[in-house]
Amino acid sequence: MAVAQIPVELFVGHQHTTVDILFFSYFKNKEGDNSRWLFFNRNRASLDYRMTPTKFLPQFGFTEAISYQRKKLKGFAPVAVMQVFSSGVFPKAGIQFARLSKHLTIFTWWVCETRQRPDLDYFLLLRFTPKLNDRHKVFVQAESINALPTADEDPFRFTQRLRVGIQRNTFQFGTGADFHQTGRTTFTQITNVGGFFRHEF
């Protein structure tokens, strides 16, 4: 099942504000049905309240991924990923698992950069929207983003994001938090707590 809507999220936290566009879509075949090619798209920008002309500048990231789905693989598929961040361009390849339904989304991948001194990335997205009544659903979304370096001197980077709220028709709103950890033996942690508003166009 393809997710036809394009959700746009505004998250306002006590440390920074983010805008996030994340959606899945199957490419169509000649008959207009879903093909075996699944497209994952994410565009994200962050604005830190401490921004100065030289420090804490706005951050952005674009992630595009294409996977080849076959029913025999039961959700597993090879995937090619291209990420563009403020820090550079990162081509990656690996294995993906996707299960997309009306009320439950499970999306995860293990990918590796194709460059020298690559990072190994593990990404997990869980979304659960059980029905409350004809107009309302519970909205719960959790993410885990993990960068594991192969070079001894490079830091580990971990991110967790949680959103809990209510969905009314094509709108979702509620509270949430983002957690970031960076380091190797000791870690620097940044926490951003606030509220979110999402709309599916």
Side-chain angles (χ1 to χ4, degrees), residues 1-25 38-50 56 58-65 67 75 79 81 83-86 96-111 121-147 156-182 187-201:
M1 175 179 178
V3 178
Q5 296 85 4
I6 300 178
V8 178
E9 178 193 273
L10 175 67
F11 180 71
V12 180
H14 75 291
Q15 297 266 19
H16 52 265
T17 292
T18 61
V19 177
D20 195 355
I21 304 171
L22 186 157
F23 68 91
F24 311 88
S25 178
L38 177 63
F39 177 58
F40 171 91
N41 174 280
R42 183 170 219 170
N43 303 294
R44 183 177 174 84
S46 176
L47 178 65
D48 196 306
Y49 303 146
R50 301 170 295 173
F56 307 111
Q59 302 292 311
F60 66 85
F62 306 105
T63 299
E64 319 296 332
S67 58
V79 61
V81 181
Q83 292 183 312
V84 181
F85 296 135
S86 305
Q96 171 186 291
F97 175 80
R99 179 155 298 173
L100 313 177
S101 65
K102 188 174 182 180
H103 299 294
L104 178 66
T105 296
I106 303 173
F107 188 88
T108 184
W109 66 43
W110 273 105
V111 295
D121 284 6
Y122 175 68
F123 171 65
L124 173 65
L125 170 69
L126 300 174
R127 184 184 298 149
F128 185 47
T129 57
K131 188 175 180 180
L132 289 175
N133 53 45
D134 291 340
R135 292 188 177 183
H136 298 88
K137 298 178 182 178
V138 175
F139 181 86
V140 179
Q141 180 171 290
E143 292 182 66
S144 178
I145 305 164
N146 309 275
F156 292 91
R157 297 184 303 278
F158 305 109
T159 298
Q160 304 86 41
R161 301 189 183 115
L162 179 64
R163 306 288 186 264
V164 178
I166 296 294
Q167 177 171 328
R168 177 181 170 85
N169 298 326
T170 58
F171 295 91
Q172 300 98 24
F173 53 90
T175 187
D178 295 343
F179 308 94
H180 306 275
Q181 304 90 35
T182 304
F187 288 83
T188 300
Q189 178 160 318
I190 299 174
T191 300
N192 190 42
V193 179
F196 73 92
F197 177 81
R198 298 172 85 251
H199 177 53
E200 296 176 354
F201 291 92

Other residues, nucleotides and ligands only: do more than 12 of their heavy atoms fall within 6.0 Å of CG on Asn133? yes

Between the side chains of Gln172 and Arg198, is a donor N or O closer than 3.5 angstrom to an acceptor N or O? yes

Test log, rule side-chain contact (heavy atoms from CB on, under 4.5 Å), inputs Asn192 and His14: CA-CA 6 Å; Asn192 190 42; His14 75 291; 3.9 Å; yes

Nearest heavy-atom pair of Pro7 and Phe23: which atoms, and what distance? CD-CB, 3.9 Å

Rounded to the nearest 0.5 angstrom, the CG-NE2 distance for Asn169 and His136 is 7.5 Å

Leu126 versus Phe128: any side-chain heavy-atom pair under 4.5 Å? no

How long is the gap from CG on Leu47 to CD on Gln15, to the nearest 0.5 Å? 12.5 Å

Grab the two heavy atoms, one from Trp109 and one from Ala65, that are nearest each other, plus how far apart they are. CZ3-CB, 3.7 Å

Heavy-atom pair with the smallest gap, counting every atom of Ser86 and Pro58: OG-O, 4.3 Å

Would you sort out whether Phe123 and Phe107 count as a side-chain contact (heavy atoms from CB on, under 4.5 Å), showing the intermediate values? CA-CA 8 Å; Phe123 171 65; Phe107 188 88; 3.7 Å; yes

Before you tell me yes or no, could you show the steps for Asp178 and Arg163 under side-chain contact (heavy atoms from CB on, under 4.5 Å), namely the whole-Å CA-CA distance, both residues' side-chain angles and the distance that decides it to 0.1 Å? CA-CA 9 Å; Asp178 295 343; Arg163 306 288 186 264; 2.9 Å; yes

Run the ring-ring contact (aromatic ring centres under 6.0 Å, His included) test on His199 and Phe201 for me, step by step, so that the C-alpha distance in whole Å, both residues' side-chain angles and the decisive distance to 0.1 Å come before the verdict. CA-CA 6 Å; His199 177 53; Phe201 291 92; 4.4 Å; yes

Matching residue for Leu125 among Ile106, Thr108, Leu22 - test: side-chain contact (heavy atoms from CB on, under 4.5 Å): Leu22

Could you walk me through whether Phe60 and Asn43 pass the side-chain contact (heavy atoms from CB on, under 4.5 Å) test, one step at a time? CA-CA 8 Å; Phe60 66 85; Asn43 303 294; over 6 Å; no

Check: Phe196 and Asp20 side chains under 4.5 Å, non-hydrogen atoms: no

With a 4.5 Å cut-off on side-chain heavy atoms, are Arg99 and Leu104 touching? no

Least distance between heavy atoms, Asp48 atom then His16 atom: CA-CB, 3.6 Å

Value for OG1 (Thr129) from NZ (Lys102), rounded to nearest 0.5 Å, stands at 9.0 Å

For Phe11 and Val193 the tightest heavy-atom approach is CZ-C, 4.2 Å

To the nearest 0.5 Å, tell me how far Arg161 CZ sits from Ile145 CD1. 4.0 Å

Closest approach of Arg42 and Glu64, non-hydrogen atoms and distance? O-OE2, 4.3 Å

Taking atom CZ of Phe158 and atom OG1 of Thr182, what is their separation to the nearest 0.5 Å? 9.0 Å

Reported CZ-to-CZ distance for the pair Phe171 and Phe197, which is rounded to 0.5 angstrom: 5.0 Å

Are the side chain of Tyr122 and the backbone N or O of Ser144 linked by a donor-acceptor pair below 3.5 Å? no

Could you verify whether a donor N or O on one side chain and an acceptor N or O on the other, from Gln96 and Ser67, lie under 3.5 Å apart? yes

Examine the side chains of Thr63 and Gln83 and answer whether a donor and an acceptor come within less than 3.5 Å of each other. yes

